[in-house]
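Structure first, commentary second.
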Number of protein chains: 2
Amino acid sequence: MTVRPVSIEDTPLIDALSRVIGRHGFEGASLQLLSDAAGLKRASLYHRFPGGKDEILAAALDRAAERFAVMLAPAFDEGNPGDRAALVAERIDEYYDGGQESCLIVALTLADDERRSMAAPCLSAWADAFAAIAVDAGVAEAEAIERGQDLVAQLEGALVIASSTGDRAPFRRAIARLARALTSPSVL
Amino acid sequence: MTVRPVSIEDTPLIDALSRVIGRHGFEGASLQLLSDAAGLKRASLYHRFPGGKDEILAAALDRAAERFAVMLAPAFDEGNPGDRAALVAERIDEYYDGGQESCLIVALTLADDERRSMAAPCLSAWADAFAAIAVDAGVAEAEAIERGQDLVAQLEGALVIASSTGDRAPFRRAIARLARALTSPSVL
DNA sequence: GGTCTATTACCGAACGATCTGTTTGTTATG
DNA sequence: CATAACAAACAGATCGTTCGGTAATAGACC
């Protein structure tokens, strides 16, 4: 077996690159910015990702899907729906660092149609996880699905506001309300 | 007085340019794309906007502020808060074409820090207008402000979802719920 | 242990292409 | 005659990408 004297491991590397794409968008994330954030020269990035920017984006999306799966896992566990919702809310808060972190999904909104649709599965998984909790809390399925979507929208919008104005209060409120909004028997 | 044989008037020109910036972001909106959307060659765009892309962005933001003022005007009228909210909701729905239109504010989220902050006043005006309606409906001021922000987040997030997945249902629901959410005496 | 070789990560330098920003001159319109 | 629009080109920067070379390590062989 060969030994690889890497200067930065794959996981933190991809996380750093994801942050740049999330903050500047796919087109705005120039190799210069990516290189700076990674601590690797442009040519070295091509050694890690021979497919160029597209492969970097694919890696970022794979990593996002992986992190989303962990983040949303409690939604599909057994147990009290309220507790599961609270745990998911806590992990979402961690993932987005209390609203400071920008969202890769939002960033891809400004890319080509092809790349824009790459984020859709993440969004669906998110809404589905919320809906699963609501269903377990006794909410009718049709309404549970709507609530899931709407609460994802609430969080995404709060992230946009945080990015634009720096005000993280809407995100904090959305996180704080999440469990109640998912499990409440009445309308949202 | 001079005569100006323009091929496209300022207002529709700026609207077309705004759409391009909203869809591709400021960096992604190359002069090629802007030129195509405007039906004017690059050199002609420089004739209309001698300051280049920055002047185009400034014009787009001025126009957005103007359209926002019209859209939100009923919030500061007199009369039934519920009716005013419904009227504002209708105009928001028009502005974003039922969720099809992408939001310039979201697009600027991915720009430089300087340009990113340019969208903040629009966002504040929006939330303030919502808050004004809620206050007139008898909601305590502190909660009214929060509701305003949260409902803006709901709408922005719904626009993100529409951009990503093409599903405009969350936006439609947010519009439909707006008046009730603003004027309801209970919590959101 | 010492030496060779293969493999790997990384980097410097350059490539062609595209972008922004601008200029000059021409055509067309009112 | 003034203005709008265009064609064509320019420099300079930056884009994504490729190629060749360097340093460092691992295993093989003596």
Side-chain angles (χ1 to χ4, degrees), chain A residues 1-61 107-108 110-112 114-116 118, chain B residues 1-18 20-61 107-108 110-116 118:
Chain A
M1 249 327 174
T2 62
V3 175
R4 315 187 316 151
V6 292
S7 66
I8 179 173
E9 294 296 329
D10 277 353
T11 300
L13 172 60
I14 295 175
D15 284 345
L17 297 173
S18 294
R19 252 191 302 273
V20 175
I21 297 177
R23 192 156 206 65
H24 297 89
F26 182 72
E27 306 207 44
S30 68
L31 281 184
Q32 186 61 49
L33 285 174
L34 294 169
S35 165
D36 292 345
L40 290 177
K41 298 299 177 183
R42 284 199 298 275
S44 305
L45 277 181
Y46 269 87
H47 180 70
R48 296 290 196 97
F49 305 95
K53 269 182 82 173
D54 282 308
E55 189 173 335
I56 292 178
L57 175 61
L61 283 171
L108 285 184
L110 299 186
D112 314 341
E114 186 194 0
R115 282 187 262 267
R116 178 177 309 159
M118 289 181 178
Chain B
M1 247 329 173
T2 63
V3 177
R4 315 188 317 151
V6 291
S7 66
I8 180 173
E9 293 297 328
D10 277 352
T11 300
L13 172 60
I14 295 174
D15 285 345
L17 297 173
S18 295
V20 175
I21 297 177
R23 193 158 206 64
H24 297 88
F26 182 73
E27 306 207 43
S30 69
L31 281 182
Q32 186 63 47
L33 284 175
L34 293 169
S35 165
D36 292 345
L40 291 178
K41 300 299 176 184
R42 283 199 300 277
S44 305
L45 275 182
Y46 269 90
H47 181 69
R48 295 287 198 96
F49 305 96
K53 269 180 79 172
D54 281 309
E55 189 173 336
I56 292 177
L57 175 62
L61 283 171
L108 285 183
L110 299 184
D112 315 341
D113 291 332
E114 184 194 0
R115 282 188 261 267
R116 179 177 308 159
M118 289 182 179

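Lettering of chains follows the sequences in order, A, B, ..., and the numbering in each one begins at 1. Everything quoted here is computed from the prediction, not taken from an experiment.
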Problem set entry | Spacing of A:His47 atom NE2 relative to C:dT7 atom P, expressed in whole Å | 13 Å
For this session: Enumerate the residue pairs fulfilling side-chain hydrogen bond (donor to acceptor under 3.5 Å, both in side chains) with a member in residues 50-59 of chain B, sequence neighbours excluded, ordered by first and then second residue.
Result: B:Asp54-B:Arg115
All N/O donor-acceptor pairs, side-chain side in residues 34-42 of chain B, below 3.5 Å, sequence neighbours left out:
| unit_1 | atom_1 | unit_2 | atom_2 | d |
| --- | --- | --- | --- | --- |
| B:Ser35 | OG | B:Leu40 | O | 2.4 |
| B:Asp36 | OD1 | B:Gln32 | NE2 | 3.4 |
| B:Arg42 | NH1 | B:Gln32 | OE1 | 3.1 |

Considering only nitrogen or oxygen atoms on both sides, find all protein atoms under 3.5 Å from nucleotides 23-26 of chain C and state each distance.
none

Problem set entry | Length of the line joining B:Phe49:CZ and D:dA4:C1', which is rounded to integer Å | 14 Å
Exercise. Is B:Ser44 reaching over with its side chain to a backbone N or O of B:His47, donor-acceptor style, under 3.5 angstrom?
Worked result: no
Problem set entry | Pairwise distance CG(B:Leu108) to CZ(B:Arg116) - rounded to 0.5 angstrom | 9.5 Å
For this session: Starting at atom NZ of A:Lys53, determine the distance to atom C1' of D:dT18, rounded to an integer number of angstrom.
Result: 17 Å
Exercise. Would you say C:dC10 has OP1 or OP2 under 4.0 Å from some side-chain N or O of A:Ser7?
Worked result: yes
Exercise. What parts of residues 12-42 of chain A reach DNA chain C, counting only heavy atoms under 4.0 Å away?
Worked result: A:Leu40, A:Lys41, A:Arg42
Exercise. Just how far, in rounded Å, is C1' of C:dT20 from CG of B:Leu45?
Worked result: 13 Å
Problem set entry | Check: A:Leu17 and A:Leu57 side chains under 4.5 Å, non-hydrogen atoms | no
For this session: Using whole Å, report how far CD1 of A:Ile8 lies from P of C:dC10.
Result: 9 Å
Problem set entry | Nearest-angstrom distance from the residue atom CD of B:Glu55 to C1' of C:dT22 | 14 Å
Exercise. Should B:Leu13 and B:Phe49 be marked as a side chain to side chain contact (heavy atoms under 4.5 Å, CB included) after you check the CA-CA gap, both sets of side-chain angles, and the distance that decides it?
Worked result: CA-CA 11 Å; B:Leu13 172 60; B:Phe49 305 96; 3.9 Å; yes
Seminar exercise, completed: B:Asp54 atom CG is separated from C:dG21 atom C1', nearest whole Å, by 11 Å
Let me check something: any side-chain donor-acceptor pairs from residues 18-28 of chain A under 3.5 Å, sequence neighbours excluded? List them with distances.
| unit_1 | atom_1 | unit_2 | atom_2 | d |
| --- | --- | --- | --- | --- |
| A:Ser18 | OG | A:Ile14 | O | 2.9 |
| A:His24 | ND1 | A:Val20 | O | 3.4 |

